[in-house]
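Structure first, commentary second.
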Amino acid sequence: ATTITCLVWTWSAVLLYRAYGPALVDALRRRRWLDLDAALEATDVDVVGALRPLTSTDPRAARLAFDLLGRVATPTLAEDLATLAEDPRTDVRMTALAGLATMGEATAQRRLADEVRATVDSPDPRLRLAAARALEYLDVADREAAAVLLVDDDLAVRCAAIDSVRPVDPFAVEAVVAALGEAGTIGAASGAVERLADAVLPTMAEALDAASVPVPATVLRLVRAAATRTPARDDLLRRHVGHPDRELGLAVIERLVGDVPASDRVASALDAVLADDARHAARLAAAGLAIGQTNDWPDHGVAAAGDGPLLRALEDEWDLIRRRVAGGRLARHGWGRIGPALAGLSADGPAGALAVEALGVSLGHDERDRVMAVLQPGLPLTDRLLRLGGPGDRPDAEGSTGEGPTSDTAWLRDIVEDPRGRWRSPWLRACAVHAAAVRGTLNGMDVGGARMLGDPVVDEELDLAGAGRP
């Protein structure tokens, strides 16, 4: 009887322990008050009000009317659109034909394709804009025939054409990726990349393989826009979670975040990234303490002359590591398991303490120590460094004393020279060059590697200090 009782209690304890972490996370989850998927039904009065601006001479009012009609349904809508399809204005005809095409009118779709072909070379950008908006209602062959609108000289036309891109349009990949490099078309191009999904992966693979440090902004935007989760996309991103450019690595990690835990292969790559980020966090904490950081970021204390920019750059780098660690754990375990707990870490009072406890239960022992050393708010840098196991690889310069902290000059030299390629931040390097120049210690450092970066800010600081040139 005693054995049976112990077994029952032991099994009950195991079940309770396994449910404890998820229950804590669920307590931190914020419930949605509004149903975002709920639809509003339009009345007859609403339909009449939407139809009235169709005959307006103001193109903005007509576009608003068509947008409204696309969201309502009425028995007389087909008849109204058929009447407008005979309107003498080209843009009104095309929009009405597009509405009929969505209702399955094959004749309307053929007429719309003819209208678009006759308009793509029009000198009037207003008509080309109407053609670009109508592209999404055509089949693939007709959209490809009008692909010249994707690179139209008019910005509004280009955006409208890019908005029409669909997953079955591989011909548009080159134009869409190029549009990521233009400020006015970034939003439209990002949406098109998400819709293209796997069709854009070969181009993204080439861009990621060729990306150096720092990576072009277009590559970062391409990765951030690849939001459609597929096995092929996740496998491609898995190979680049540890990219030398930490900003690009963060973008890759954030794309891998989902509601469910990552696959075993992705999880293994993310665990390796966590170990590297923990070592870099230890270097940042040790360097900050040696150079003048007195407490946790952003309390810089009384910085020596020239050290202020460097301490702020170290703080920015710490924030980057914090976001990488948080994103990596979300991608590893899934938002549903630890997302509310991570979001609650910054809360004050009982909610913050509950979040810390929830993460402590949900994560493994070694993983928990490294994650909390970086993410838990309010810890002094000395405590963070202790939890991370020390400063990791110490700088290869004089001042490294084994057990004791290294000198500020040694850390400055390590950041400026970066002999092992561990810092990999041009901005951090420029700030270290500035601090060393103010201290008068830059002349004894090897700045050849910094010159080879070709970074304008680093070069400017070196030129001001008169270093690195014959």
Side-chain angles (χ1 to χ4, degrees), residues 213-215 217 220 243-251 276-326 374-375 380-382 384-385 388 391-395 397 399 405-442 445-447 449-465 467-468:
V213 180
V215 300
L220 280 169
H243 193 278
D245 189 290
R246 293 188 174 94
E247 287 281 358
L248 177 59
L250 174 62
D276 182 72
D277 285 342
R279 288 191 294 269
H280 191 54
R283 283 193 293 270
L284 290 169
L289 288 170
I291 292 171
Q293 187 76 15
T294 57
N295 202 346
D296 193 21
W297 316 105
D299 182 12
H300 297 151
V302 181
D307 288 351
L310 177 57
L311 289 175
R312 287 190 291 272
L314 289 170
E315 179 190 344
D316 292 341
E317 190 77 0
W318 179 272
D319 183 66
L320 173 61
I321 292 300
R322 181 186 58 79
R323 288 184 289 143
R324 283 171 59 91
V325 170
V374 176
L375 298 184
L381 274 187
T382 50
R384 296 190 189 278
L385 190 58
L388 290 166
D393 298 330
R394 296 181 181 276
T406 58
S407 71
D408 52 355
T409 303
W411 281 111
L412 278 177
R413 180 191 298 274
D414 195 60
I415 298 174
V416 170
E417 298 180 355
D418 198 9
R420 301 184 188 177
R422 300 174 300 189
W423 297 97
R424 304 195 296 270
S425 170
W427 172 243
L428 190 59
R429 210 166 194 173
C431 293
V433 168
H434 174 77
V438 172
R439 289 166 176 254
T441 59
L442 185 62
M445 300 180 184
D446 181 7
V447 297
R451 279 290 186 193
M452 291 178 61
L453 288 177
D455 184 80
V457 180
V458 174
D459 289 344
E460 180 181 2
E461 288 295 335
L462 290 173
D463 290 340
L464 290 173

Checking salt bridge (charged side-chain N to carboxylate O under 4.0 Å, His left out) for the pair Asp446/Arg451: CA distance, chi angles, key distance, verdict? CA-CA 10 Å; Asp446 181 7; Arg451 279 290 186 193; over 6 Å; no
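- Considering every non-hydrogen atom in both Arg424 and Pro244, the closest pair reads NE-O, 2.6 Å.
- A donor-acceptor pair under 3.5 Å is formed between the side chain of Asp245 and the backbone N or O of Val215.
- Among all heavy-atom pairs drawn from Val458 and Arg429, the shortest one is CG2-CB, 4.4 Å.
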One pair to check against side-chain contact (heavy atoms from CB on, under 4.5 Å): Trp318 and Arg384. What are the steps and the verdict? CA-CA 12 Å; Trp318 179 272; Arg384 296 190 189 278; 3.4 Å; yes
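- With contacts defined as side-chain heavy-atom distances shorter than 4.5 Å, the pair Glu317/His280 qualifies.
- Taking 4.0 Å as the cut-off between side-chain N and carboxylate O, Asp316 and Arg312 do not count as a salt-bridged pair.
- In this structure, Arg324 contributes its side chain and Arg246 its backbone to a donor-acceptor pair below 3.5 Å.
- Atom-to-atom distance recorded for Arg422:CZ and Asp276:CG is 11.0 Å, nearest 0.5 angstrom.
- Shortest non-hydrogen contact noted between Leu385 and Ala282 is CD1-O, 3.4 Å.
- Within the model, atoms SG of Cys431 and CG of Leu412 stand 11.0 Å from one another, a figure rounded to the nearest 0.5 Å.
- Between Gly288 and Leu311, the shortest heavy-atom contact is O-CD2, 4.2 Å.
- Between atom CD1 of residue Ile321 and atom CZ of residue Arg283 there is a gap of 8.5 Å, rounded to the nearest 0.5 Å.
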Output, in order, the C-alpha distance, side-chain angles, deciding distance and verdict of side-chain contact (heavy atoms from CB on, under 4.5 Å) for Leu320 and Glu247. CA-CA 8 Å; Leu320 173 61; Glu247 287 281 358; 4.0 Å; yes
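- Considering CG of Leu310 and CD1 of Ile415, their distance stands at 5.0 Å, rounded to 0.5 Å.
- The closest side-chain heavy-atom distance from Val374 to Asp277 is not below 4.5 Å.
- Across every non-hydrogen atom of Ala251 and Leu220, the tightest pair is CB-CD2, 4.1 Å.
- Nearest heavy-atom pair, Asp459 versus Ala450, reported as atom, atom and distance to 0.1 Å: OD1-O, 4.3 Å.
- Counting heavy atoms from C-beta on, the side chains of Asp307 and Arg439 come closer than 4.5 Å.
- Here the CG atom belonging to Leu284 is positioned 13.0 Å from the CZ atom belonging to Arg322, to the nearest 0.5 angstrom.
- Judged purely by distance below 3.5 Å, without hydrogens or angles, the side chains of Asp414 and Trp423 pair a donor atom with an acceptor atom.
- Under the 3.5 Å distance criterion, the side-chain polar atoms of Arg413 are left unmatched by any main-chain donor or acceptor of Ala410.
- Proximity of His434 to Leu464: side-chain heavy atoms (C-beta onward) are nowhere separated by under 4.5 Å.
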